[in-house]
Amino acid sequence: MNDKKVLLHVCQGTGCISGGADKVFNQLNELLDNSDYNHNVIVKKTGCHGFCQQGPLIVVEPHGFFYTKVKEDDIGEILKSLEPDGNPVKRLFYHEPLTNQPIPKYNDIPFYKLQTREILRHCGDIDPEDIQDYISIGGYKALNKALLQSPENIINEVKRSGLRGLGGAGFPAGRKWELCRNAKGDIKYVICNADEGDPGAFQDRSVMEGNPHSVIEGMIIAGYAVGAQKGFIYVRAEYPLAVLRLKIAIEQAREEGFLGENILDTNFSFDIEIFQGAGAFVCGESTALVRSIEGKRGWPKPMPRAHTTEEGLWNKPTLLNNVKTFANIPLIINNGAKWFSSKGTEKCKGTAVFSLTGKVVNCGLIEVPMGITLRKIIYEIGGGIAGGKKLKAVQTGGPSGGCIPADLLDMPVDFDSLKEAGTIMGSGGMVIMDEDTCMVDVARYFLDFTQRESCGQCIPCRLGTVQMFKILDDITKGKGRKGDIDLLIELSESIMKGSICGLGKTAPNPVLTTIRYFRNEYEAHINDKKCPAKICAM
Amino acid sequence: MEEEILEDILSGYRGNRSEIVPILQEVQDNLGYLPEKAMTEIAEFIGVPESHVYSVASFYAQFRLLPLGRKRIAVCRGTACHIRGAPQILKTIEQKINLKEGETSEDLEYTLETVACIGCCALAPCIRINKDVSGEMTPEKAELLFSENNKEAENE
């Protein structure tokens with residue numbers, strides 16, 4: 001290898017750290033400090049590269065070599081390979097699972113090659129704890145650009161882009177901004193919903209860990225557009241690394257004059273505070289989240305109620321968006337609404353980020369254009385089903401979503417088509433299930449989750465989910481009774497009609513979709529006392 | 001001792017109602033749980049009834065009203081973990097350390113909990129011991145992990 005500077009991007013995401021990436025990083029620095037290794041090597045800690053399953057990961061730039069499952073003992077060899085006459089460490093390359101062929105560069109690995117990484121683009125190549133790194137890739141340019149325009153202009157740009165809220169419901173972001181801007185009152189708030197509570201989803205965590213400034217920049221622009229003075233990031237306390245990196249990022253943004261009084265010498269002032277959620281799934285719901293910041297139990301407000309954009313935090317107009325929605329804003333301001341809306345489908349623009357997990361060969365974080373088919377996600381990016389098994393179902397949307405069967409593989413993935421199929425896009429969890437997964441057990445699992453997480457305020461949700469769980473539990477234990485399926489459907493309908501918030505209204509989805517598509521499995525449990533997937537002990 | 005720590009923590013706050021959750025979090029970080037006495041004092045500091053502090057503390061899953069073990073084991077029951085065998089992992093650990101989910105051992109060595117999702121789904125199934133996450137668990141790995149942990153504890 002030649003003598004030019006070589007960059008080692010060492011992933012320091014939560015996934016890689018659990019595999020020892022922090023030790024790899026320390027060892028790398030130690031060896032470089034105490035030896036005659038090539039001094040043109042620069043080591044950089046980065047956020048999540050997305051391919052967590054292969055971690056700890058190191059990317060060598062400019063070559064693009066992608067080293068997987070790196071251990072401390074491998075560091076010496078990697079450093080040697082960077083000497084002028086060195087050769088890359090072939091055994092650490094990613095190996096194609098079917099053919100066992102090594103693929104040296106990450107750009108050539110199907111998992112990466114077929115993605116459209118926009119929000120995640122810089123997650124693996126900037127140091128999330130150094131604002132200068134973010135600035136060097138054009139960070140805070142969008143803020144500069146935004147402050148030279150009128151707030152109305154920015155809102156129009158966001159409206160034109162077609163961006164829809166990426167927290168799950170897909171409400172048009174520009175319209176929400178406009179509602180908040182037009183709401184009466186001098187004091188307004190911006191809140192970033194980073195209470196990623198869906199089990200099986202970690203995309204928001206990865207964005208915050210890998211590129212926290214993109215979220216902060218988006219929030220500042222939102223603050224300017226709606227006329228707010230203060231922002232909160234409501235992040236789960238279960239994400240300590242995301243909290244730490246956001247704290248560092250906010251501090252650095254203040255020092256650089258992007259946050260605080262008179263931002264970039266304009267008369268716009270805005271600051272951001274972190275609020276750590278204390279572990280309640282229901283707090284992902286806007287009114288519950290707001291009450292939680294106010295120091296109360298996270299109880300959603302009953303209907304009818306004013307929109308959060310009118311009466312939110314401390315009854316002031318409040319704009320609440322998801323992490324990824326904010327991370328898209330600098331991209332839209334920099335590249336224009338047209339650029340953004342060129343991706344995706346007619347009604348769903350831009351990209352979607354999914355945590356691709358479960359029984360799929362390549363697990364990790366992916367970003368794809370809206371409207372891509374499930375087949376492409378699972379078989380091309382995901383590399384198919386692990387162990388050569390057969391695909392049975394895809395679960396999206398966490399406990400509020402549902403399971404769709406393998407024969408819908410060619411359905412485009414976006415807000416509207418998923419809804420039609422009975423599930424929701426949600427915040428981005430996508431769990432792949434194979435023939436060894438029991439769908440009744442999955443339904444039981446989700447109802448166990450919701451009955452634990454129900455806030456207890458309204459009766460349909462508090463008691464209804466417990467009853468549904470009990471029926472499902474009985475079915476999986478071979479104690480199912482004739483009529484249980486109808487009873488589950490009846491209970492579902494009452495819970496959906498009677499609950500006051502989204503948690504209750506969507507809680508039956510996993511049950512209804514599994515009955516809709518996998519009724520035969522329920523019948524086998526109830527009538528024949530058999531679990532076709534051999535998961536339930538009958 | 002506890003009183004001093006509490007006083008120290010409270011001196012960093014203004015006494016606003018919206019500070020209840022952050023105060024409870026900091027107290028728990030330092031004391032390991034929320035003693036009744038601390039909650040009474042927090043109520044007085046904020047100027048709300050004790051019942052309000054208790055209602056908040058008992059609502060959120062993060063808060064503990066009883067002391068926890070030195071090794072806090074959290075088995076992830078996220079969706080990806082569930083379908084990749086989390087129930088078996090929990091069972092193995094329950095048998096190995098002789099505790100049920102939610103229990104703390106009498107010697108305060110272990111607390112066994114489950115959590116909704118650690119967010120390491122690509123490495124499912126996962127467990128967390130204090131702050132360290134271990135991924136791609138199998139019942140065998142879990143068994144080994146706690147055999148070693150037991151040995152270490154005996155040596156200490």
Side-chain angles (χ1 to χ4, degrees), chain A residues 14-15 17-19 50-53 55 196-202 204-206 236-240 242 275-281 283 292-299 314 355-359 363-365 395 398-399 429 431-434 436-437 441-442 445-446 448-449 452-453 455, chain B residues 15-26 28-29 34 42 46 48 52-64 74 76-88 113-137:
Chain A
T14 295
I17 287 179
S18 80
F51 209 172
C52 316
Q53 193 189 30
E196 189 169 51
D198 283 1
F202 58 99
D204 294 352
R205 170 175 69 68
S206 296
R236 307 171 76 197
E238 288 95 326
Y239 287 174
F275 190 94
Q276 292 189 48
F281 176 68
C283 287
S292 175
I293 298 183
E294 291 171 353
K296 300 172 186 159
R297 289 171 86 98
W299 273 348
W314 294 298
S355 309
L356 183 63
T357 62
K359 307 275 186 79
C363 288
L365 199 64
Q395 207 281 337
V431 187
I432 309 302
M433 299 172 176
D434 68 2
D436 293 341
T437 314
D441 175 65
V442 168
Y445 161 80
F446 278 116
D448 183 24
F449 179 87
R452 286 175 198 237
E453 292 293 341
C455 79
Chain B
N16 292 340
R17 228 179 127 116
S18 64
E19 289 172 335
I20 293 181
V21 174
I23 291 174
L24 291 173
Q25 284 169 331
E26 203 178 330
Q28 180 162 299
D29 267 355
L34 300 173
I42 293 168
I46 305 264
V48 292
H52 181 76
V53 175
Y54 181 77
S55 87
V56 172
S58 58
F59 182 80
Y60 296 97
Q62 187 188 7
F63 297 127
R64 303 284 144 186
C76 182
R77 55 180 166 88
T79 319
C81 288
H82 178 79
I83 66 162
R84 279 166 71 158
Q88 284 75 36
E113 305 166 300
T114 61
V115 288
C117 184
I118 298 174
C120 283
C121 321
L123 300 169
C126 303
I127 65 167
R128 189 178 60 204
I129 303 175
N130 294 336
K131 283 183 175 166
D132 296 327
V133 177
S134 304
E136 299 185 319
M137 269 291 137

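In this structure, chain B has no heavy atom under 4.5 Å from any part of A:Phe281. With a 4.5 angstrom heavy-atom cutoff, A:Ile432 touches chain B only via backbone atoms. Looking at B:Ile118, the atoms closer than 4.5 Å to chain A (heavy atoms on both sides) all sit in the backbone: N, CA, C or O. Heavy atoms closer than 4.5 Å to chain B are found in both the backbone and the side chain of A:Ser292. Only the side chain of A:Thr437 comes within less than 4.5 Å of a heavy atom in chain B; its backbone stays farther off. Neither the backbone nor the side chain of B:Ala124 comes within contact range of chain A; no heavy atom of the residue lies under 4.5 Å from a heavy atom of that chain.
Contact record, B:Val56 with A:Gly295: CG2-O, 3.6 Å, taken as the closest heavy-atom pair. B:Gly78 and A:Tyr445 make their closest contact through C-OH, 2.9 Å (heavy atoms, listed as atom of the first residue, atom of the second, distance). In plain terms, the two heavy atoms of A:Phe202 and B:Gly119 that are nearest each other are CB-O, 3.2 Å. Among all heavy-atom pairs drawn from A:Thr357 and B:Cys121, the shortest one is CG2-CB, 3.3 Å. Closest of all the heavy-atom pairs between A:Pro199 and B:Cys117 is CA-CB, 3.6 Å. Nearest approach of A:Gln276 to B:Gln25, heavy atoms of both residues: O-NE2, 2.9 Å.
We find the CG-CZ distance between A:Asp436 and B:Arg84 to be 13.0 Å, quoted to the nearest 0.5 Å.
A donor-acceptor contact shorter than 3.5 Å is absent between the side chain of B:Tyr60 and the backbone of A:Gly277. Remark: the backbone N or O of A:Phe446 is not paired with any side-chain donor or acceptor of B:His82 at under 3.5 angstrom. B:Gln62 places no side-chain N or O within 3.5 Å of a backbone atom of A:Ala237 that could act as its donor or acceptor partner.
Using a 4.5 Å heavy-atom threshold, the side chains of A:Lys296 and B:Arg17 count as touching. Looking at B:Ile83 and A:Met433, their side chains come closer than 4.5 Å, going by heavy atoms from C-beta outward. Looking only at side-chain heavy atoms (C-beta outward), B:Ser58 and A:Arg297 come within less than 4.5 Å of each other. Side-chain contact between A:Phe449 and B:Thr79: absent, with no pair of heavy atoms (C-beta onward) separated by less than 4.5 Å.
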Under the side-chain contact (heavy atoms from CB on, under 4.5 Å) criterion, do B:Glu136 and A:Gln53 qualify, and how do the steps go? CA-CA 9 Å; B:Glu136 299 185 319; A:Gln53 193 189 30; 4.1 Å; yes
